[in-house]
Structure formats: structure tokens, C-alpha cells
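Residues take their numbers from the sequence shown, with the count starting at 1. When a ligand or atom number is given, it counts from 1 through the structure's own listing order. This one's a predicted model, so the numbers in the text were calculated from it and none came from an experiment.
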Amino acid sequence: MATRLYTHPIFLEHLTPPGHPERPDRLRAIERVLDDEAFSALDRVKAPEGDEKTILYAHPETFVECVRAAIPRTGIVSIDADTSASPKSWQAAVTAIGAANAAIDDVFEGRASNVFVAARPPGHHAEKTTAMGFCLFNTAAIAARYAQKKHQAERVAIVDWDVHHGNGTQDIFWDDPSVLYCSTHQMPLYPGTGAKSETGAGNIVNAPLAPRTGSDMFRDAFLSRVLPSIDAFAPDLIIISAGFDAHHRDPLAEINLTEDDFDWATGQLMERAGRHSSNRLVSLLEGGYDLQGLAFSVAAHVGRLMKG
Ligand SMILES: [Zn+2]
């Protein structure tokens, strides 16, 4: 079985204001790097249309309808200081959810050895009732609940190595011990949550990193906090909230990882997926705002996924 890649042209049509870091060119940079011959074995699939009803797995209907009502007919509207929507944003967000849920189906039904979803908008800052931090809906949270409802997964681990704390994912699973949420992130940094003391129902594991942290401390946090938590939890599925903004080139943060660190972390999670989850591993793009850092990091991540 091959590594599957979900993309869709609609992801380029979620528009943000000029100069905004979360821009369509991010996906173009990823497409370019994955066009290389080294990735010819990727099983490339156009994302299916998403099922809007699955948004309700992580968000109440009143909030979903608020977002729907905010989508403009023309132009770009602000949803908060740094989150915006354009006419195709709804379709992009729902298709991102469709891709993530299809990826869950793939790993449970044996159609892919693992899956990377290259979609936008990202999702991990979206709380139950708040769209924020470039995110409308929490795709990773919806996919985790989808795996539980459709495939009877009892325990799902979400590992979030985006440089920002996934406050939304933490919020959604705060009192739900069936989902383990592990995050490495810079602190202090937006959105301000993610202290070690935030532990939810014992299912939240935050590993904050000081500014200017490099490879050694990141790997140490993974080895000492994230991986032992996964081993103790023994998940049926691992979802990665794969943001690449902890790369040293990224303009939004001050963590100094290289693409080798993402290669390494991917390998560690694949090893855990093999040990606990029958290799079921789904990776969802979150942040990453330096186009070269993002492209190199995705290449390292996907290249490692393909090594099975
Ligand atoms: Zn981020």
C-alpha cells in the first residue's frame, strides 16, 4: 500500500487579505515540491466533497450557522483580527473536512498505509464556538470524532507539532478522555494557552518550548513527554496536526527546527502507530508560513511517510 495524498483546487480559493501569511501560495509551494520524481509513488487523490453534518461532531449548530452566515458573496470579510473568509471559504473548509474524514476511512479500510492531507484553511485554533487563528472549523477534531463514530475507534491520539498551541483541539477534548491531545509549541506565543499545567481530564499533554529552542530540546520534549503519553494511551489511531512553522525560517515564531526534525518526529509517530494502531496514521496540514521552509519540511515529512 502507498501513502495517499489528498489535495483539491478549492483549497486555493480560500482567500485572505494581501500580505496575510496563510495564503494560497503555501499549497502551491507544497504542490511544486511533491511534483518531484521522488514522490512519484504517492497515491494522489482529489479530496471528496465533505459532509457538512460531520462539522457538528466538534461544533454546535449555532456556531456552524454563524460561520455560514459570515461567508461573503464577494470580497474578503474579517471573522476576527487575523481570520477571514472569502466566497469559497465555506467550500474549502468543508472539503478539508471531507479529505480528513476520507483519510480516516482509508486507514481503517486498508486503502492506504498512511495519508497526508494538504488542505487549507487550517483547523487547530478553532474552538467549539470560536473561529480564530486563521481557522474556521477544527478539522483534526472532527476527523477524530469521525473515526470514533464510523470506525468504532475507542482511543484517538492527536499529536500537534505546529509551533502554536492548538487551543481549539484542547478546548474540544478538554473533558473527553477518549482523545489524547499532545502538543509541542513555542511559549509565550499566540494564542497564549498550552501551559504544562493544562491537563484536561488527564488527556491533555502540553510540552511548551522556550523561544530559540532547537532540535535537541524539541526531540527531548517528544521523547520525554509526547511518546510516553502515546505508549500509555495505546491509541487506535494517530492524527498529526502537522504545522511546519517551528522551522527556523518561519516568520511567525522563533523555534529553530530543520526539516530533519520533522522527518525524525514523523518516524517516531509511525513507529508508535505500528506498535499501537495497526499503522493507522493520518497527517493534516496546519501552519507553516515560509514557503521554502514549508516545502522542505513537507517533503521530509511525506518522504518519511512513504518509507512505511
Ligand atoms: Zn501555527
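Using cut-offs of 30° and 60° for the angle between ring planes, the Phe137 and His59 rings count as tilted.
For the side-chain contact (heavy atoms from CB on, under 4.5 Å) with Arg272, the lone residue among Asn279, Ile230, Leu281 that qualifies is Ile230.
Within His164, ND1 is the N, O or S atom that lies nearest to the Zn ion (ligand 1). Here the N, O or S atom of Asp245 that is nearest to the Zn ion (ligand 1) is OD2. Nearest N, O or S atom of Asp162 to the Zn ion (ligand 1): atom OD1.
One side chain, Gln170 or Asn206, offers a donor N or O that lies under 3.5 Å from an acceptor on the other.
Between atom OG of residue Ser241 and atom NE2 of residue His185 there is a gap of 13.0 Å, rounded to the nearest 0.5 Å.
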